[in-house]
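Since the structure comes first, as structure tokens, the remarks are kept for the end.
Everything numeric in this text was worked out from a predicted model, so none of it was measured.
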Amino acid sequence: AVFLLPAALWLGRGWTEVALLAGSVVLVLIVELLNSAIEAVTALRYGKEGYFWINSLDGIMIAHPMKPAMNGTSQLELKDPNGVYIFREMIAVARKSGEGFVDYMWPKPGFDEPVMKFSHVVGFEPWGWVVGTGVYSDDLAVLFRGTAIRYGVLIGFATIGLVFFAYLVVRSVVNPINRLKGAMQD
């Protein structure tokens, strides 16, 4: 309150007016900070379809970059085809552990049919937020197949190389023995 005295004297106003003005300025700064954080988080992308969303600990969607129609609405009653209350689960994980994983069915961006999604959520208690992101099981399967094929080819070439090296070693041992054997028979 001491810092308000010079402002009140300078503005020629009372303490209450200056306090309200200062409170309004702080409120505007907080709103700007929250909006900047929302924009920064929802602008983050990774891979082809990776994104982040923010919902409140009360189940209100704060920002979903792929489904903006959800923003500002309660998601507490949203269930996947398997009956999982998606956002209730996320909130429960964030409250219990601070962060964790939630598995559920969700449509990929640009598709209507839901597929299994493995999401990681982190609670941000000071602002009452849950920030989440996830990967789709079919994307993981494609990634796994590609990796398995690459390693399979690499292991195949390594095996061929080892067999060829073993052949050279055996030949370098057997040929002199065969020559010695032939010399002894003569």
Side-chain angles (χ1 to χ4, degrees), residues 1 3 19-156:
F3 71 91
L20 288 173
L21 180 63
S24 296
V25 169
V26 169
L27 185 60
V28 167
L29 292 174
I30 290 171
V31 168
E32 286 180 13
L33 173 69
L34 292 173
N35 284 334
S36 294
I38 290 168
E39 287 176 19
V41 170
T42 57
L44 294 172
R45 298 288 187 276
Y46 58 92
K48 293 178 186 174
E49 299 164 338
Y51 61 90
F52 293 83
W53 73 87
I54 305 168
N55 58 276
S56 73
L57 287 168
D58 297 326
I60 304 298
M61 180 59 68
I62 295 172
H64 195 294
M66 298 298 146
K67 295 191 174 201
M70 295 172 70
N71 296 349
T73 63
S74 175
Q75 301 301 313
L76 290 177
E77 299 304 315
L78 181 65
K79 290 193 290 188
D80 77 356
N82 297 330
V84 174
Y85 284 96
I86 300 168
F87 291 93
R88 288 183 189 181
E89 290 289 324
M90 291 177 186
I91 292 165
V93 166
R95 284 196 169 144
K96 180 180 178 189
S97 308
E99 67 179 283
F101 294 92
V102 178
D103 304 341
Y104 55 93
M105 303 290 286
W106 189 264
K108 292 174 77 168
F111 294 91
D112 295 326
E113 196 65 31
V115 296
M116 182 56 74
K117 186 172 186 177
F118 308 110
S119 289
H120 185 256
V121 294
V122 177
F124 189 65
E125 196 71 38
W127 292 357
W129 285 2
V130 177
V131 179
T133 189
V135 294
Y136 296 94
S137 62
D138 58 346
D139 290 342
L140 290 177
V142 168
L143 181 65
F144 176 77
R145 267 194 301 278
T147 302
I149 289 170
R150 275 195 303 277
Y151 280 113
V153 168
L154 181 66
I155 290 169

Please confirm whether the backbone N or O of [Y] pairs with a side-chain atom of [X], one donor and one acceptor, at under 3.5 Å?
X: Asp112; Y: Pro107; value: no
X: Asn82; Y: Val84; value: no
X: Thr133; Y: Tyr51; value: yes

Can you confirm whether more than 12 heavy atoms, excluding those of [X], are under 6.0 Å from its [atom1] atom?
X: Glu125; atom1: CD; answer: no
X: Phe111; atom1: CZ; answer: no
X: Lys67; atom1: NZ; answer: yes

Worksheet item: Are any of the side-chain heavy atoms of Met105 and Lys117 separated by less than 4.5 Å?
Response: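 Met105 does not reach Lys117 side chain to side chain.
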Discussion item. Within the 4.5 Å heavy-atom criterion, are Trp53 and Met66 side-chain neighbours or not?
Written reply: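 A side-chain contact under 4.5 Å is absent here.
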Practice prompt. Quick one: closest heavy-atom pair of Ile54 and Ile38, and the distance?
Written response: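 Residues Ile54 and Ile38, closest heavy atoms: CD1-CA, 4.0 Å.
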Worksheet item: How are the rings of Phe124 and Trp129 set relative to one another: parallel (under 30°), tilted (30 to 60°) or perpendicular (over 60°)?
Response: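 Aromatic pair Phe124/Trp129 classed tilted.
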Worksheet item: In terms of side-chain geometry, is the basic nitrogen of Asp138 or Lys108 positioned less than 4.0 Å from the acidic oxygen of its partner?
Response: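 Salt bridge present between Asp138 and Lys108.
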Worksheet item: Please walk me through it: do Met116 and Tyr136 pass side chain to side chain contact (heavy atoms under 4.5 Å, CB included)?
Response: CA-CA 6 Å; Met116 182 56 74; Tyr136 296 94; over 6 Å; no
Practice prompt. Show your working on side chain to side chain contact (heavy atoms under 4.5 Å, CB included) between Met70 and Leu78 and close with a plain yes or no.
Written response: CA-CA 11 Å; Met70 295 172 70; Leu78 181 65; 4.3 Å; yes
Discussion item. What verdict does the side chain to side chain contact (heavy atoms under 4.5 Å, CB included) test give for Ile91 and Asn55, after you've listed the backbone C-alpha separation in whole Å, the side-chain angles of each residue and the deciding distance to 0.1 Å?
Written reply: CA-CA 9 Å; Ile91 292 165; Asn55 58 276; 3.9 Å; yes
